[in-house]
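Ligands are counted one by one from 1 in listed order, and the atoms in each one are counted from 1 as well. The residues of the chain are indexed from 1 along the displayed sequence.
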Amino acid sequence: MRGMLVPSAHGEALLRKAIYPGSFDPVTMGHWDIIQRAHRLVDHLVVAVLHNPSKHPTFSVAERVDFLRELVAPYPTVEVKTFHGLLVDFAKEEGAHSIIRGVRAFSDFEYEFQMALTNRKLSPDIETVFLMPKEEHSVTSSRIVREVGMMGGDITGMVPEALRERITARLRNPANYA
Ligand code: PNS
């Protein structure tokens with residue numbers, strides 16, 4: 001029927017494969033929470049690290065990817081890749097029809113709404129799905145982790161425990177910055 005939304009143009013459920021994109025500079029407990037939630041919903045999840053040198057990230061792409069790969073190692077249906085250029089182009093290359101994003105608070109909404117509708121305009125076949133992390137992670141962001149860590153504060157509970165010491169050491173020693 002014309003105009004009717006079908007499961008997908010391909011007749012497959014949209015959440016068969018999804019992209020979870022971000023800067024992950026560095027990965028936080030909020031990101032990790034979303035990855036675990038998405039893993040339960042999606043057959044194949046691609047965590048996609050933005051490779052955009054003009055954003056001047058604190059952690060190199062290699063470091064960000066290594067941290068994420070270490071976390072997802074026990075999950076065979078989750079992989080970590082990098083992308084540059086438009087997210088929807090990467091999703092198409094990957095054969096994914098959905099994008100996962102986390103929303104922590106109302107303050108995230110405007111940016112996420114703008115991004116989701118822009119992506120929909122660019123590629124109407126790709127759906128954005130929003131997930132909420134546990135409320136205890138709702139005030140954590142990569143920017144806060146970087147700021148607290150660089151000023152010598154304790155980032156326990158803000159980043160996955162297995163990575164805490166390495167992230168702390170990197171942030172406390174500016175000479176190590178990528
Ligand atoms: O973790 P972030 O920094 O909020 O993630 C933002 C990201 C990487 C998802 C976004 O910047 C992005 O998709 N960049 C790729 C360029 C693109 O597709 N832009 C059009 C949509 S706004």
Min side-chain heavy-atom separation Val78-Leu71 under 4.5 Å: no
Sequence neighbours excluded, every pair satisfying salt bridge (Lys or Arg N to Asp or Glu O under 4.0 Å) that has a member inside residues 107-116: Arg101-Glu112, Arg104-Asp108
Checking Ser123 side chain against Asn119 main chain: does a donor-acceptor pair fall under 3.5 Å? no
Enumerate the pairs of nitrogen or oxygen atoms, one from ligand 1 and one from the protein, separated by less than 3.5 angstrom; state names and distance to 0.1 Å.
{"residue": "ligand 1", "atom": "1 (O)", "partner": "Ser23", "partner atom": "N", "Å": "3.1"}
{"residue": "ligand 1", "atom": "3 (O)", "partner": "Ser23", "partner atom": "OG", "Å": "2.6"}
{"residue": "ligand 1", "atom": "3 (O)", "partner": "Lys55", "partner atom": "NZ", "Å": "3.4"}
{"residue": "ligand 1", "atom": "4 (O)", "partner": "Arg101", "partner atom": "NH2", "Å": "3.0"}
{"residue": "ligand 1", "atom": "4 (O)", "partner": "Tyr111", "partner atom": "OH", "Å": "3.2"}
{"residue": "ligand 1", "atom": "5 (O)", "partner": "Arg101", "partner atom": "NH1", "Å": "3.4"}
{"residue": "ligand 1", "atom": "18 (O)", "partner": "Leu87", "partner atom": "N", "Å": "2.8"}

Check the angle between the aromatic planes of Phe106 and Phe109 and answer parallel, tilted or perpendicular using the 30° and 60° thresholds. parallel
Would you mind listing every salt bridge (Lys or Arg N to Asp or Glu O under 4.0 Å) that reaches into residues 148-162, with sequence neighbours excluded? Glu161-Arg164
Which pairs pass salt bridge (Lys or Arg N to Asp or Glu O under 4.0 Å) with one or both residues in residues 13-39, sequence neighbours excluded? Glu12-Arg16, Lys17-Glu94, Asp25-Arg146, Asp33-Arg37
